Amino acid sequence: MGWAIALHGGAGDIPLSLPPERIQPREAALRHCLQIGVAALQAKRSPLDVVELVVRELENHPNFNAGRGSVLTTNGTVEMEACIMDGNTKKCGAVSGLTTVVNPISLARLVMEKTPHIYLAFDGAEAFAREQGVETVDASHFVTPENIERLQQAKEANRVQIDYTQPVTKDMKEETATADGDSQIGTVGCVAVDGHGNLAAATSTGGLVNKMVGRIGDTPIIGAGNYANSLCAVSATGRGEAIIRGTVARDVAALMEYKGLSLKEAAAYVVGECTPKGTAGLVAVSATGELTMPFNTTAMFRACASEDGFSEIGIWAN
């Protein structure tokens, strides 16, 4: 048994033809964040600290759909959400509807540690952020040119989409307007275990491009997009509605607990059999240091490392 860490930058319909200038910054960010997480585990930081640290770093990266790079609602605004969970205690915190908080994952941890509650949203969450003195900025900070363009494309195609959905030209609109064309540019997440089997999971997102104002996805819902207990830690990404219906993160843990499956078996079953093709991916670690990163989308930006020297950074299926 040793430490292990896995992280993701979103799953979706990521074409092999994706240009290098869109791949390289994300690969570099995954590598950088993996190094930060590994160094923190080697320095004996707790898994809870590690997953918060890594997700904060991913939130600060404009090429992922969380924090700085969050995608826009149908009104052109940002509504961010995040969740963090400690496996040993099952303590957890979640936030939704954030418009000015620089690092939603840290506010989620404050909800867990400083309130009697688990989940705060919208005005209440924003007020709590100010009360706690976390860093906030004007909401315009989160509105990037790339996401304005992505919202315009989604509106033209008359669809809600996850981030890596390819642009739809007007003559394709009829054909695809009703498709589940969703491709996540990157909800972000991280799971970690230390050498003593302590586990934690953290996930953060801006949601779906062109989503209705007030829509809440799987990310902040305990057991759907994020979960940790004494057996495993899971962070999911993809189409939030499908992940919620499939209680994806909790089902991985339940299959281990009640059926005695290994982490890899449990995760493969949930992603392969319990969620529609093209809707989900996840990263997970077990208390014994097992790692897995399955997805049923075209691809998933992902990275992992373990104490035995194994490491991997990937996008498409190997």
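It should be emphasised that the depicted structure is a prediction, and the values quoted were computed from it without experimental measurement.
Using a 3.5 Å distance cut-off with no hydrogens or angles, the side chains of S204 and E59 do pair a donor with an acceptor. A side-chain donor-acceptor contact under 3.5 Å links N210 and T74. With 3.5 Å as the limit, one finds no donor-acceptor pair spanning the side chains of T100 and T136. Under the 3.5 Å distance criterion, with hydrogens and angles disregarded, a donor-acceptor pair is assigned to the side chains of S306 and D308. Checked by atom type, the side-chain pair T203/S235 shows a donor-acceptor distance below 3.5 Å.
Within the model, atoms OG of S96 and OH of Y119 stand 2.5 Å from one another, a figure rounded to the nearest 0.5 Å. To the nearest 0.5 angstrom, M80 atom CE is 5.5 Å from L98 atom CG. N65 CG to N147 CG: the interatomic distance, rounded to the nearest 0.5 Å, is 7.0 Å. Annotation: the span from L34 atom CG to R31 atom CZ amounts to 9.0 Å, rounded to 0.5 Å. Atom CZ of residue R68 and atom CG of residue L58 lie 15.0 Å apart, to the nearest 0.5 angstrom. Distance CD1/I84 to CD1/I105: 4.5 Å, rounded to 0.5 Å.
Listed by first and then second residue, the ring pair (Phe, Tyr, Trp, His ring centres under 6.0 Å) pairs that reach into residues 10-63 are H61-F64, sequence neighbours excluded. Within the structure, salt bridge (Lys or Arg N to Asp or Glu O under 4.0 Å) pairs that include any residue of residues 107-131 comprise D49-R109, E52-R109, R109-E113, E126-R130 (at least two apart or interchain). Within the structure, the salt bridge (Lys or Arg N to Asp or Glu O under 4.0 Å) test picks out no pair touching residues 186-203 (sequence neighbours left out). Identified under the side-chain hydrogen bond (donor to acceptor under 3.5 Å, both in side chains) test for residues 261-272, with sequence neighbours left out: S262-E265.
Under the rule for a side-chain contact (heavy atoms from CB on, under 4.5 Å), the partners of E257 that lie at least two apart in sequence or sit in another chain are N229, L231, R250. By the side-chain contact (heavy atoms from CB on, under 4.5 Å) test, A228 is found to be paired with M85, A201, A233, residues two or more places apart in sequence or in another chain being considered.
Using a distance-only test at 3.5 Å, with no hydrogens or angles considered, no donor-acceptor pair links the side chain of N103 to the main chain of S106. Put simply, the side chain of T247 never gets that close to the backbone of D251: no donor and acceptor are under 3.5 Å apart. Remark: side-chain polar atoms of W316 are not paired, donor with acceptor, to backbone N or O of F301 under 3.5 angstrom. With hydrogens and angles ignored, the 3.5 Å screen pairs no side-chain donor or acceptor of K211 with any backbone N or O of G217. Between the side chain of R302 and the main chain of M300, a donor-acceptor pair closer than 3.5 Å is present. In this structure, N296 contributes its side chain and P276 its backbone to a donor-acceptor pair below 3.5 Å. Using a distance-only test at 3.5 Å, with no hydrogens or angles considered, no donor-acceptor pair links the side chain of N158 to the main chain of A154.
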For this session: Test side-chain contact (heavy atoms from CB on, under 4.5 Å) on T99 and T77 and set out the steps.
Result: CA-CA 8 Å; T99 57; T77 54; 6.0 Å; no
For this session: Determine, step by step, whether E21 and R26 satisfy the salt bridge (Lys or Arg N to Asp or Glu O under 4.0 Å) criterion, reporting the C-alpha distance in whole Å, the side-chain angles of both residues, the deciding distance to 0.1 Å, and the verdict.
Result: CA-CA 9 Å; E21 64 270 17; R26 293 183 172 99; over 6 Å; no
For this session: Determine, stepwise, if the pair L282 / V271 fulfils side-chain contact (heavy atoms from CB on, under 4.5 Å).
Result: CA-CA 8 Å; L282 63 83; V271 170; 3.6 Å; yes
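Counting heavy atoms from C-beta on, the side chains of I23 and I315 come closer than 4.5 Å. Residues L48 and M112 have side chains in contact (heavy-atom distance under 4.5 Å, counting atoms from C-beta outward). Looking at heavy atoms from C-beta onward, V101 lies in side-chain contact with V134 at the 4.5 angstrom threshold. Side-chain contact check for L263 versus V252: some heavy-atom pair is nearer than 4.5 Å. Using a 4.5 Å heavy-atom cutoff, the side chains of L53 and E57 are not in contact.
Minimum heavy-atom separation, P220 to V95: CB-O, 3.7 Å. For the pair P294 and A267, the tightest heavy-atom approach, listed with the atom from each and the gap, is CG-CB, 3.8 Å. Taking each heavy atom of V111 and I118 in turn, the nearest pair found is CG1-O, 3.3 Å. Scanning all heavy atoms of the two residues, the minimum distance from T205 to G207 falls at OG1-N, 2.9 Å. When all heavy atoms of T187 and A236 are compared, the closest pair comes out as CG2-O, 4.2 Å. Taking every heavy atom of both residues into account, M1 and G195 meet most closely at CE-O, 3.7 Å.
Other residues, nucleotides and ligands place more than 12 heavy atoms under 6.0 Å from the CZ atom of R215.
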